[in-house]
Amino acid sequence: MPITVKALQKTGHDQPFRVTTIERRDPRADDVVIDIRAAGICHSDIHTIRNEWGEASFPLTVGHEIAGVVSAVGEDVTGWKVGDRVGVGCMVNSCGTCEECRADQEQNCLEGNVGTYNAKDVDGTVTQGGYAEKVVVNERFVCRVPDEMAFEAAAPLLCAGITTYAPLRRWGAGEQVAGRAKRVAVLGLGGLGHMGVQLAAAMGAEVTVLSRSLKKEQDALALGAQRVLATTDENFFRDHSGEFDLILNTISADIPVDRYLRLLTPRGVMAVVGLPPAKQPVGFGSLIGGNKVLAGSNIGGIAETQEMLDFCAEHGLAAKIEVIGVQDADAAYDRVVAGDVHFRAVIDTSTFADVAAE
Ligand code: NAP
Ligand code: ZN
């Protein structure tokens, strides 16, 4: 029997959220049923809902930063039991057999992974995300949430955490260069950026935050940054040319990429995770001079997501959050876009109990 649960749904890109009911599939033998306790609001949810990445498949429930408790398991499930504290991120399935899946890079599955929402599931239905009371997921796409982490602070790690951890690791943020710590700049201090700062600092990098203003300076220093620079300062690009070994670009909007590439050292790397709706022009000259690297990064595999969660637990890190009720989701979207949230809005899903389903 399918499971009926309350969920926050949009019926169109310009429609408000409404609390309604959706159906989760009858768990298959290798599925886990999760009672969702917290769901983070990622800017990708907003790009999707607002049709900024193309037409979304409405009616739609988004959310891919999910934390909760296992409430049932299919008969073949070996990794999980009822009561386990778990999380689900941006993927809920993949082929499991291609080179990428076998290398624990399910995000790059050659058959295409199944996204947590707005994606075609293996049964042909459109997947529905985590702004809901429960989710049913293949057991391979579930991670363990460390005991010491509150669900609300853990949920954003499932996307913002792994999306920043993977490129910081891949590009050696914690390694020394010329006998000193790497100089890592985190560009944009939102949900992803604030995890990037904490993770890079914990890895041993010297971290600078590049933000539009100094408004978030105190918070940034508390997260582990050594300093904050305002990118809107008249002399910003001139004064900081050639300073950074690695720039983690988390910006969700248009920026002058060429000018930011000039902030890199020779052989420096800009790892891009922010995905603004419009194409961003880049001059090859900005890369060729100084042998620079412009690299993309797409979330991370499931094993690396677990590694990141354990790394956060070991270093006492988690997301800094603003907990909201289901009624506040529309207002939270506007605040995220305005860059006002410190630093992730997270839906307390127990507040579904306060609202009758339409
Ligand atoms: P967010 O919380 O809104 O943070 C984005 C930050 O970008 C803001 O805090 C702001 O930083 C800066 N920003 C926003 N508008 C700007 C503008 N017009 N000019 C300059 N800077 C601006 O978003 P998020 O959830 O961290 O997501 C960031 C981006 O990453 C989104 O595009 C999202 O879709 C993408 N994403 C990608 C992946 C992946 O796998 N690659 C995964 C998740 C998310 P300041 O206020 O500090 O200036
Ligand atoms: Zn996300």
Side-chain angles (χ1 to χ4, degrees), residues 39-50 52-54 62-66 87-91 105-108 113 115-118 129-131 155-168 170 185-199 208-217 219-220 223 225 228-233 236 247-257 259-260 270-278 280 295-301 304-305 308 319-322 332-346:
I41 293 179
C42 176
H43 207 121
S44 300
D45 303 345
I46 303 175
H47 290 310
T48 302
I49 285 290
R50 297 192 172 175
E52 292 173 353
W53 288 341
V62 293
H64 59 205
E65 295 186 336
I66 300 168
V88 176
C90 303
M91 304 177 277
Q105 301 289 304
E106 300 89 351
Q107 76 280 19
N108 298 328
N113 70 65
T116 303
Y117 59 75
N118 197 38
Y131 301 180
L157 302 181
L158 276 298
C159 174
I162 183 59
T163 301
T164 49
Y165 181 87
L168 289 169
R170 186 176 317 126
V186 175
L187 179 50
L189 193 61
L192 265 56
H194 98 287
M195 286 313 307
V197 171
Q198 297 186 76
L199 291 164
T208 301
V209 169
L210 309 181
S211 190
R212 285 169 292 181
S213 73
L214 296 181
K215 267 196 304 201
K216 302 174 187 168
E217 184 171 24
D219 286 325
L223 292 167
V228 181
L229 301 174
T231 55
T232 47
D233 264 7
F236 167 73
I247 297 176
L248 181 65
N249 175 359
T250 77
I251 304 282
S252 53
D254 297 347
I255 54 161
V257 180
R259 300 190 81 189
Y260 281 98
M270 177 187 280
V272 181
V273 291
L275 185 52
Q280 305 296 301
S297 195
N298 180 21
I299 48 173
E304 196 172 23
T305 305
M308 173 275 311
K320 307 294 180 209
I321 53 167
E322 294 185 15
Y333 270 32
D334 293 335
R335 292 191 52 231
V336 172
V337 173
D340 269 351
V341 174
H342 288 61
F343 284 94
R344 205 39 137 198
V346 177

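Only heavy atoms go into these numbers, but all of them, side chains included; no hydrogens, no water, no symmetry mates. Positions are given from 1 along the sequence. Counting convention: from 1, in listed order, for ligands and their atoms alike.
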Enquirer: To which of L187, T163, V341 does the heavy atom nearest atom 38 (C) of ligand 1 belong?
Expert: T163
Enquirer: Atom 30 (O) of ligand 1: which protein heavy atom is closest, and how many Å away?
Expert: G274 CA, 3.3 Å
Enquirer: Which atoms from ligand 1 have a heavy atom of A253 less than 4.0 Å away?
Expert: 15 (N), 16 (C), 17 (C), 18 (N)
Enquirer: With rounding to the nearest 0.5 Å, note down the distance linking CG in L229 to CD in E217.
Expert: 9.0 Å
Enquirer: Are any non-hydrogen side-chain atoms of M195 and P156 less than 4.5 angstrom apart?
Expert: no
Enquirer: To the nearest 10 degrees, could you say what angle the Zn ion (ligand 2) makes with SG of C42 and SG of C159?
Expert: 130°
Enquirer: Taking the side chain as every heavy atom from C-beta outward, state whether V257 and M270 have any pair of such atoms under 4.5 Å apart.
Expert: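 Yes; the side chains approach each other to less than 4.5 Å.
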Enquirer: Which ligand 1 atoms, with their elements, are less than 4.0 angstrom from a heavy-atom of C159?
Expert: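 This gives 42 (C), 43 (C) as the contact atoms.
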Enquirer: Does R344 have a heavy atom less than 4.0 Å from any atom of ligand 1?
Expert: yes
Enquirer: Any side-chain heavy-atom pair from Q105 and Q107 closer than 4.5 angstrom?
Expert: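 With C-beta onward as the side chain, the pair touches.
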Enquirer: Specify the closest pair of heavy atoms between N113 and E106, including all atoms of both residues, with the distance to one decimal.
Expert: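 Reported closest heavy-atom pair: CB-O, 3.5 Å.
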Enquirer: Applying the side chain to side chain contact (heavy atoms under 4.5 Å, CB included) criterion to V341, which one of E322, H43, K320 satisfies it?
Expert: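 Answer after filtering E322, H43, K320: E322.
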Enquirer: Which atoms of ligand 1 are found less than 4.0 Å from any heavy atom of N298?
Expert: 40 (O)
Enquirer: If we only count N/O pairs under 3.5 Å, is G193 in contact with ligand 1?
Expert: no
Enquirer: Check ligand 1 against V336 and write out every atom of the ligand that is under 4.0 Å from a heavy-atom position of the residue.
Expert: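 It comes down to these atoms of ligand 1: 3 (O).
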Enquirer: Nearest protein heavy-atom contact for atom 27 (O) of ligand 1: which residue, which atom, what distance?
Expert: H43 CB, 3.4 Å
Enquirer: Is N249 close to Y260 at the side-chain level, that is, under 4.5 Å between some pair of heavy atoms?
Expert: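 Result no, sub-4.5 Å side-chain heavy-atom pair not found.
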Enquirer: Non-hydrogen atoms of K216 versus ligand 1: any pair closer than 4.0 Å?
Expert: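 The answer is yes: ligand 1 sits under 4.0 Å from a heavy atom of K216.
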Enquirer: Nearest 0.5 Å, please: how far is CD in E65 from CG in L158?
Expert: 7.5 Å
Enquirer: To the nearest 0.1 Å, how far is atom 26 (O) of ligand 1 from its closest protein heavy atom, and which atom is that?
Expert: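 So the nearest neighbour among protein heavy atoms is L192 N, 2.8 Å.
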Enquirer: Using a 4.5 Å cut-off on heavy atoms from C-beta on, say whether the side chain of V337 contacts that of R50.
Expert: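 Side-chain contact under 4.5 Å: yes.
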Enquirer: For ligand 1, which atoms have a heavy atom of I299 less than 4.0 angstrom away?
Expert: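 By the 4.0 Å cutoff, the relevant atoms are 39 (C), 40 (O).
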Enquirer: What's the shortest distance from atom 47 (O) of ligand 1 to any protein heavy atom, and which residue and atom give it?
Expert: S211 OG, 2.5 Å
Enquirer: Answer yes or no: is there a side-chain heavy-atom contact under 4.5 Å between V186 and T164?
Expert: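 V186 vs T164: side chains apart.
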Enquirer: For D45 and Y117, run side-chain hydrogen bond (donor to acceptor under 3.5 Å, both in side chains): C-alpha distance rounded to whole Å, both residues' side-chain angles, the deciding distance at 0.1 Å, then the answer.
Expert: CA-CA 9 Å; D45 303 345; Y117 59 75; 2.7 Å; yes
Enquirer: Are side-chain heavy atoms of I41 and Y131 found at a separation under 4.5 Å?
Expert: yes
Enquirer: Quick one: does ligand 1 sit under 4.0 Å from the side chain of Y333, the backbone, both or neither, non-hydrogen atoms only?
Expert: neither
Enquirer: Show the atoms of ligand 1 that are less than 4.0 angstrom away from any heavy atom in G188.
Expert: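 Numbered from 1, ligand 1 contributes 11 (O), 47 (O).
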Enquirer: Geometry only, no angles: is G191 polar-contacting ligand 1 at N/O separations under 3.5 Å?
Expert: yes
Enquirer: If you count the atoms of ligand 1 from 1 in the order shown, which ones are under 4.0 Å from a heavy atom of W53?
Expert: 34 (O)
Enquirer: Please list the nearest protein heavy atom to atom 4 (O) of ligand 1 with its residue and the distance rounded to 0.1 Å.
Expert: G190 CA, 3.4 Å
Enquirer: Angle class for the H194/F343 ring planes (parallel below 30°, perpendicular above 60°, tilted otherwise)?
Expert: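 Because their plane-to-plane angle is under 30°, the rings of H194 and F343 count as parallel.
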Enquirer: Polar-atom distance check: P276 versus ligand 1, any N or O pair below 3.5 Å?
Expert: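 No: no nitrogen or oxygen of P276 is under 3.5 Å from one in ligand 1.
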Enquirer: What is the closest protein heavy atom to atom 10 (C) of ligand 1, and at what distance does it sit?
Expert: R212 NH2, 3.3 Å
Enquirer: Show me which atoms of ligand 1 lie under 4.0 Å from any heavy atom of T250.
Expert: 5 (C), 28 (C), 29 (C)
Enquirer: Return the closest protein heavy atom for atom 33 (C) of ligand 1 as residue, atom name and distance.
Expert: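 Going atom by atom, the protein heavy atom closest to atom 33 (C) of ligand 1 ends up being S44 OG, 3.4 Å.
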Enquirer: Would you check if P276 and H47 make a side-chain contact, meaning some heavy-atom pair closer than 4.5 Å?
Expert: no
Enquirer: Considering only the protein, which heavy-atom contact is closest to atom 41 (N) of ligand 1, and what is its distance?
Expert: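 Ranking protein heavy atoms by distance from atom 41 (N) of ligand 1, first comes S297 O, 2.8 Å.
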